Amino acid sequence: MPFSGTDAGGFRWEGFNSGAPSQQPRPEKPQKPRKAVKSPAARVLINLAVTAVAGFLYFYFELPALNLQSPDFYTFVLLLCVVYCVSAIFTSGFQGQGPGPYFKFLKKQCKIPLLLALAMVALSLAGSLVGSVIFRARSYSQLLTVETGDFAAEVEEISYDQIPMLDRDSAERLGDRKLGELSDMVSQFEVVDDYTQINYRGRPVRIATLMYADIIKWFTNRSEGLPAYLVIDMVTQNVELVRLSEGIKYTNVEHFGRNLYRHIRFHYPTYMFAQPVMEVNEEGVPYWICPRLVRTIGLFGGVDVKGAVLVNAITGDSQYYEEVPSWVDNLYSAQLIMQQYDYYGMYHNGFFNSLFGQREVTVTTEGYNYLALGDDVWVYTGITSTGGDQSNIGFLLTNQRTKESNFYSCAGATEYSAMASANGELQNLRYQATFPLLLNVGGQPTYFMAMKDAAELVKKYAMVNVQQYQIVATGDTVAQCEQNYLAMLSQNGVVDGSASLSGTQTVDGAIAEIRSAVLDGNSYYFIRLIGSDVFYSVSAVDQPLAVILSEGDQVTVTYRPGTDSILTGVEIAKR
């Protein structure tokens with residue numbers, strides 16, 4: 001039987017043609033039409049309801065400020081317009097092909113949302129243009145008022161019970177270690193890494209709050225609240241867990257209505273806020289300080305602070321203060337202060353001068369630190385020219401509560417150059433310097449640094465002269481470091497030999513009793529004068545004279561005052 005291309009063994013192959021099956025296009029399924037809501041009034045109500053639900057959910061989770069000066073507000077309004085328009089397409093049953101028909105539908109049926117969206121876009125563009133630094137350079141330069149001061153005259157020599165010896169990293173380690181020692185808390189709570197530095201009862205400390213270890217711990221403990229907060233003394237390195245009779249219920253890591261951000265947003269829906277910080281008042285009651293932000297140039301430019309909302313972390317009670325109480329330390333953040341100085345330094349001679357002539361154009365250096373002066377916390381940062389050199393022309397001190405700012409002219413090393421100089425002094429030990437504090441030592445601007453080993457433990461201290469950063473002194477104690485530093489200043493002719501140790505007092509008398517002991521491998525002598533019950537401890541390494549002293553010798557002891565029965569003697573001389 002002859003074979004044909006359309007027959008094989010009695011079976012006919014449908015669609016077989018020239019050795020290949022034919023390709024038949026599949027018919028497209030007709031698009032199922034949407035059902036429209038018949039009543040126009042019902043359609044509008046449904047669209048509004050959908051928009052309201054979407055808007056509430058967005059507002060609840062994203063918490064935009066209902067303020068024309070907040071960029072988030074424009075995003076919020078545009079989202080509502082989009083949701084309404086999409087809902088209108090579905091409720092009307094409209095089904096077009098391509099974007100053109102949809103646009104015509106929206107133009108006809110959603111005029112108000114479209115006009116509102118266009119108005120918001122136009123307003124934001126106009127507001128940005130009006131507040132542009134190109135046109136408002138002088139206004140930006142006037143955000144921060146900077147006075148010129150005399151460092152030696154205005155910044156007092158600080159006593160050692162006011163110098164923060166710890167940096168933030170060391171404070172965090174101490175806080176975590178303290179919580180780990182408490183068996184009743186370590187499995188339930190963790191430490192939040194905020195560690196706000198404040199002056200508390202006349203001492204520089206860092207405050208740290210707790211958080212629930214996980215969501216299960218939150219469910220089991222939230223009714224009582226967080227039972228304590230941590231106070232880390234930056235001088236003595238002592239960590240105190242302050243237990244509360246009533247727990248903290250409002251924090252920035254809480255959930256739902258007790259979340260701090262949500263709490264203040266629902267109470268102050270139009271306010272814009274900076275990052276809240278935890279502080280405690282003089283009675284030890286924890287409060288959240290929520291600085292209120294305002295924009296003073298155009299719609300979005302010239303960010304500044306105008307008062308703050310204080311929230312009781314236990315009860316949630318809140319109150320707005322245009323002038324905050326004196327115990328508040330953190331109103332203006334270091335980042336905002338530095339940004340405002342950069343505006344001042346760059347634009348006080350006009351915008352184009354900042355690009356081309358660059359006459360007297362200055363900016364802040366990369367880092368900053370805090371200094372306790374009086375009852376306030378001051379931000380310190382170096383000021384340098386825009387040329388990218390490795391020297392400062394001076395430094396800025398700004399009060400974080402009042403924004404009082406003083407510039408001190410002092411050409412010298414940048415902070416990182418000083419850190420490198422201190423590291424080089426102890427390079428055989430491979431210690432690393434912390435970011436420096438700026439102190440007045442012997443009337444000289446001085447960088448003070450703690451020197452840490454690889455385990456982040458403080459092993460030594462270093463002082464570097466700002467103007468002559470080859471003058472580097474180190475010591476096992478702050479007192480020893482200062483003594484070595486003053487000696488080097490005297491040797492280099494920077495100060496005369498009469499420069500005294502800061503925060504010390506002297507006493508004269510005859511030795512009634514002298515004892516010795518070896519502490520940490522060093523010999524110490526404990527001296528009591530006739531008519532006194534106080535002993536003065538003197539290191540034989542720092543004061544070799546102590547080794548040959550006897551009872552009855554007339555001496556002058558320079559010591560650090562305190563309330564203990566044993567005080568630190570930093571210098572002793574025979575009369």
Side-chain angles (χ1 to χ4, degrees), residues 144 146-171 195-207 232-237 277 279 326-338 340-341 364-383 392 394-410 412-416 418-419 422 433-450 458 461-466 478 481-482 485 502-503:
L144 185 68
V146 181
E147 302 291 341
T148 301
D150 183 340
F151 181 80
E154 296 178 7
V155 181
E156 297 180 357
E157 294 193 31
I158 192 170
S159 60
Y160 289 125
D161 61 353
Q162 295 294 317
I163 300 177
M165 307 293 182
L166 297 174
D167 62 354
R168 182 190 177 94
D169 292 339
S170 298
Y195 288 91
T196 307
Q197 183 166 329
I198 65 172
N199 273 4
Y200 179 52
R201 296 175 180 173
R203 298 187 65 80
V205 302
R206 285 188 181 269
I207 302 295
I232 300 96
D233 193 306
M234 303 294 285
V235 179
T236 65
Q237 305 184 30
V277 294
E279 293 196 32
S326 59
W327 60 264
V328 173
D329 290 321
N330 290 268
L331 187 60
Y332 295 88
S333 69
Q335 293 80 6
L336 179 61
I337 290 168
M338 294 172 69
Q340 290 191 352
Y341 181 86
T364 56
T365 53
E366 294 181 7
Y368 60 90
N369 214 327
Y370 303 100
L371 192 61
L373 295 175
D375 195 35
D376 290 318
V377 176
W378 294 66
V379 173
Y380 150 77
T381 185
I383 303 299
N392 286 346
F395 40 87
L396 183 75
L397 282 179
T398 301
N399 189 311
Q400 282 196 279
R401 178 172 58 86
T402 65
K403 208 174 72 167
E404 175 188 346
S405 300
N406 297 315
F407 170 75
Y408 300 98
S409 178
C410 178
T414 64
E415 297 88 341
Y416 287 99
M419 292 167 65
T434 60
F435 192 85
L437 285 170
L438 183 70
L439 301 180
N440 180 353
V441 181
Q444 291 291 307
T446 302
Y447 290 126
F448 171 79
M449 292 157 277
V458 176
Y461 301 95
M463 289 183 178
V464 179
N465 188 268
V466 172
V478 180
C481 181
E482 185 190 29
Y485 178 69
S502 61

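Residue indices begin at 1 and follow the sequence shown. Quick caveat: nothing in here was measured; it's all calculated off a predicted structure.
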Within-4.5 Å side-chain heavy-atom neighbours: Thr148 and Ser409: no

Heavy-atom check, side chain of Trp378 versus side chain of Asn406, under 4.5 Å: yes

Pairs involving residues 435-450, ordered by first then second residue, that meet salt bridge (charged side-chain N to carboxylate O under 4.0 Å, His left out) (sequence neighbours left out): none

Residues in side chain to side chain donor-acceptor pair (under 3.5 Å) contact with Tyr461, at least two apart in sequence or another chain: none

Point-to-point distance, once rounded to the nearest 0.5 Å, from CE of Met234 to CZ of Arg206: 4.5 Å

Contact summary for Ser326 and Asp375, nearest pair of heavy atoms: O-OD2, 4.3 Å

Partners passing side chain to side chain contact (heavy atoms under 4.5 Å, CB included) against Ala462 (at least two apart in sequence or in another chain): Ala422, Met451, Thr474

Residues forming a side chain to side chain contact (heavy atoms under 4.5 Å, CB included) with Thr402, sequence neighbours excluded: Asn399, Glu404

Side chain to side chain donor-acceptor pair (under 3.5 Å) partners for Asn369, two or more places apart: none

Closest approach of Leu166 to Ser170 (non-hydrogen atoms, all atoms of both residues): CD2-CB, 3.8 Å

Residues in side chain to side chain donor-acceptor pair (under 3.5 Å) contact with Gln237, at least two apart in sequence or another chain: none

is_close_aromatic(Phe395, Phe151), centroid dist under 6.0 Å: yes

4.5 Å side-chain heavy-atom contact, Tyr380 and Glu415: yes

Distance (rounded to the nearest 0.5 Å) between Tyr370 OH and Asp329 CG: 11.5 Å

Nearest non-hydrogen partners of Leu437 and Pro164, listed with the distance: CD1-O, 3.4 Å

Partners passing ring pair (Phe, Tyr, Trp, His ring centres under 6.0 Å) against Phe435 (at least two apart in sequence or in another chain): Tyr416

Shortest non-hydrogen separation from Asn392 to Ala413 and the atoms involved: ND2-O, 3.5 Å

Heavy-atom closest contact (Val466 atom, Cys410 atom, distance): CG1-SG, 3.9 Å

Partner set under side chain to side chain contact (heavy atoms under 4.5 Å, CB included) for Thr236, not counting sequence neighbours: Arg203, Asp233, Asn238

Side chain Gln400, main chain Leu331, donor-acceptor under 3.5 Å: no

pair Tyr485-Asn465: side-chain heavy atoms closer than 4.5 Å: yes

Side chain proximity check, Thr446 to Phe448, heavy atoms < 4.5 angstrom: no

Side-chain (Thr196) to main-chain (Glu279) donor-acceptor, under 3.5 angstrom: no

Heavy-atom side-chain proximity of Met338 to Leu396 below 4.5 angstrom: no

Check: Asn199 side chain, Gly202 main-chain N or O, donor-acceptor pair, under 3.5 Å: no

From OG1 (Thr398) to CG (Leu371), nearest 0.5 Å: 12.0 Å

Gln335: partners by side chain to side chain donor-acceptor pair (under 3.5 Å), with sequence neighbours left out: Tyr368

Contact check, side chains of Ile383 and Thr364, non-hydrogen atoms, under 4.5 Å: yes

Heavy-atom pair of closest approach, residues Ala433 and Met449: CB-SD, 3.7 Å

Within-4.5 Å side-chain heavy-atom neighbours: Val377 and Asn330: no

